[in-house]
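Okay, structure first, notes after.
Numbers for residues simply follow the sequence, beginning at 1.
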Amino acid sequence: ERYARSAVEQRGTRLPPLVILGEVLFAKGRGDEALTLTDQVQEEFNRRRNRDMSALKGVCLLRGKIFADRGDAERALAAFEQEIRLFPDQLAAYTHLAVFYAIVEKPQEVRNTLQRMIAANPSAPAYAEAVRTFRVLKDEASAKRLLDEARRRALELLD
């Protein structure tokens, strides 16, 4: 937390240090403070003339995690989906959304979310994250199917 606060003090107009501090505070169980920081990021961003969307990367993901932790399913879902819309390469947003769907017992949505991640990011890291997520969720059959698919695709690329 000390390092994150130091980065915030030296950030100038950069927003990512606020997001990092928010992540640290959330990890320490201080969700209200973290949520306040995400509001601050959004407010500062909205006041800017030059709105580089990359400055918001991770904000909606953090909000989604906070809302999910509070049991606010509707807002968590909206926040995760917003992060995915803004940053389709943000693998963590998909995996958190998939875990959220697992918690609310929507297994088809888990699979759909991870397939969306792979479709948007057809890469080894995306496959690895999807397999890891299935394994965390104790769905070894889906993990094995996806791993087999990844291996087939990798072999096709070599041919």
Side-chain angles (χ1 to χ4, degrees), residues 1 3-9 11-139 142-143 146:
E1 181 179 345
Y3 294 118
R5 288 197 184 280
S6 176
V8 167
E9 289 171 11
R11 74 184 177 93
T13 61
R14 294 178 309 122
L15 298 175
L18 292 171
V19 179
I20 293 167
L21 178 58
E23 287 283 356
V24 169
L25 294 174
F26 175 68
K28 293 178 83 174
R30 294 161 55 190
D32 289 342
E33 293 173 71
L35 191 58
T36 297
L37 284 173
T38 66
D39 291 338
Q40 180 181 344
V41 168
Q42 190 64 58
E43 289 167 9
E44 286 186 30
F45 181 81
N46 290 343
R47 287 194 301 266
R48 293 181 172 190
R49 283 192 187 140
N50 177 14
R51 293 188 179 155
D52 176 8
M53 294 303 289
S54 68
L56 293 178
K57 193 167 192 171
V59 173
C60 292
L61 174 60
L62 176 56
R63 291 177 69 82
K65 292 191 292 187
I66 294 166
F67 293 137
D69 189 58
R70 292 178 172 184
D72 189 340
E74 187 175 317
R75 291 173 77 187
L77 176 63
F80 291 139
E81 289 289 358
Q82 179 69 10
E83 183 79 17
I84 290 168
R85 268 192 303 282
L86 293 173
F87 308 103
D89 63 331
Q90 174 73 294
L91 302 182
Y94 294 94
T95 58
H96 278 81
L97 180 58
V99 170
F100 167 82
Y101 279 130
I103 291 168
V104 297
E105 298 180 8
K106 293 188 175 185
Q108 187 57 49
E109 291 302 322
V110 171
R111 289 186 287 280
N112 291 347
T113 299
L114 295 175
Q115 286 297 337
R116 266 181 24 191
M117 178 177 71
I118 290 167
N121 302 279
S123 64
Y127 274 99
E129 273 301 296
V131 168
R132 186 187 66 77
T133 301
F134 278 128
R135 286 182 173 156
V136 165
L137 297 174
K138 307 286 189 238
D139 185 350
S142 293
L146 197 55

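Listed here is the closest heavy atom pair of R75 and D72: CD-OD2, 2.8 Å. Residues L62 and G22 share a closest heavy-atom pair of CD2-C, 3.6 Å. Residues A98 and T133 share a closest heavy-atom pair of CB-CG2, 4.2 Å. Shown here for A7 and R14, the closest heavy-atom pair between the two residues is O-NH2, 4.5 Å. When all heavy atoms are compared, the tightest approach of F26 to G31 is CD1-CA, 4.4 Å. Nearest heavy-atom pair across P88 and A120 is O-CB, 4.2 Å.
Under the 4.0 Å criterion applied to side-chain N and carboxylate O atoms, E83 and K65 are not assigned as salt-bridge partners. Taking 4.0 Å as the cut-off between side-chain N and carboxylate O, R63 and D39 count as a salt-bridged pair. Classification of R70 and D32 as a salt-bridged pair holds, one side-chain N sitting under 4.0 Å from a carboxylate O.
For the side chain to side chain contact (heavy atoms under 4.5 Å, CB included) test, residues two or more places apart in sequence or in another chain that qualify with Q42 are F45, N46, L56. A search for side-chain hydrogen bond (donor to acceptor under 3.5 Å, both in side chains) contacts involving Y127 returns E149, R153, not counting sequence neighbours. In terms of the side-chain hydrogen bond (donor to acceptor under 3.5 Å, both in side chains) criterion, residue partners of N112 (sequence neighbours excluded) are, by chain and number, Q108.
Checked against F100 for a side chain to side chain contact (heavy atoms under 4.5 Å, CB included), the options T95, L77, V110 give a single hit: L77.
The CZ atom of R30 lies 11.5 Å from the OG1 atom of T36; values are rounded to the nearest 0.5 Å. Here the CD1 atom belonging to I118 is positioned 11.5 Å from the OG1 atom belonging to T113, to the nearest 0.5 angstrom. From M117, atom CE reaches atom CG of D89 across 12.0 Å, with rounding to the nearest 0.5 Å. The CD atom of Q90 sits 12.5 Å away from atom CG of L97, with the distance rounded to the nearest 0.5 Å. Of the inter-residue distances, the one linking R111 atom CZ with L146 atom CG reads 12.0 Å to the nearest 0.5 angstrom.
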Begin from the C-alpha positions of N121 and S123 and carry the test side chain to side chain donor-acceptor pair (under 3.5 Å) through to its verdict.
CA-CA 6 Å; N121 302 279; S123 64; 5.8 Å; no
CA sep, side-chain torsions, deciding dist, call: L21, E1, side-chain contact (heavy atoms from CB on, under 4.5 Å)
CA-CA 7 Å; L21 178 58; E1 181 179 345; 4.2 Å; yes
L25 and R5: side-chain contact (heavy atoms from CB on, under 4.5 Å), yes or no, with the steps?
CA-CA 10 Å; L25 294 174; R5 288 197 184 280; 3.8 Å; yes
Does the pair V59 and L15 meet the rule for a side-chain contact (heavy atoms from CB on, under 4.5 Å), with working shown?
CA-CA 10 Å; V59 173; L15 298 175; over 6 Å; no
For V104 and E109, run side-chain contact (heavy atoms from CB on, under 4.5 Å): C-alpha distance rounded to whole Å, both residues' side-chain angles, the deciding distance at 0.1 Å, then the answer.
CA-CA 10 Å; V104 297; E109 291 302 322; over 6 Å; no
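Side-chain atoms of R48 never come within 3.5 Å of backbone atoms of R51 as a donor-acceptor pair (strictly under, hydrogens ignored). Under the 3.5 Å distance criterion, the side-chain polar atoms of Y94 are left unmatched by any main-chain donor or acceptor of Q115.
Within the 4.5 Å cutoff, the side chain of V41 has no heavy atoms near those of the T38 side chain.
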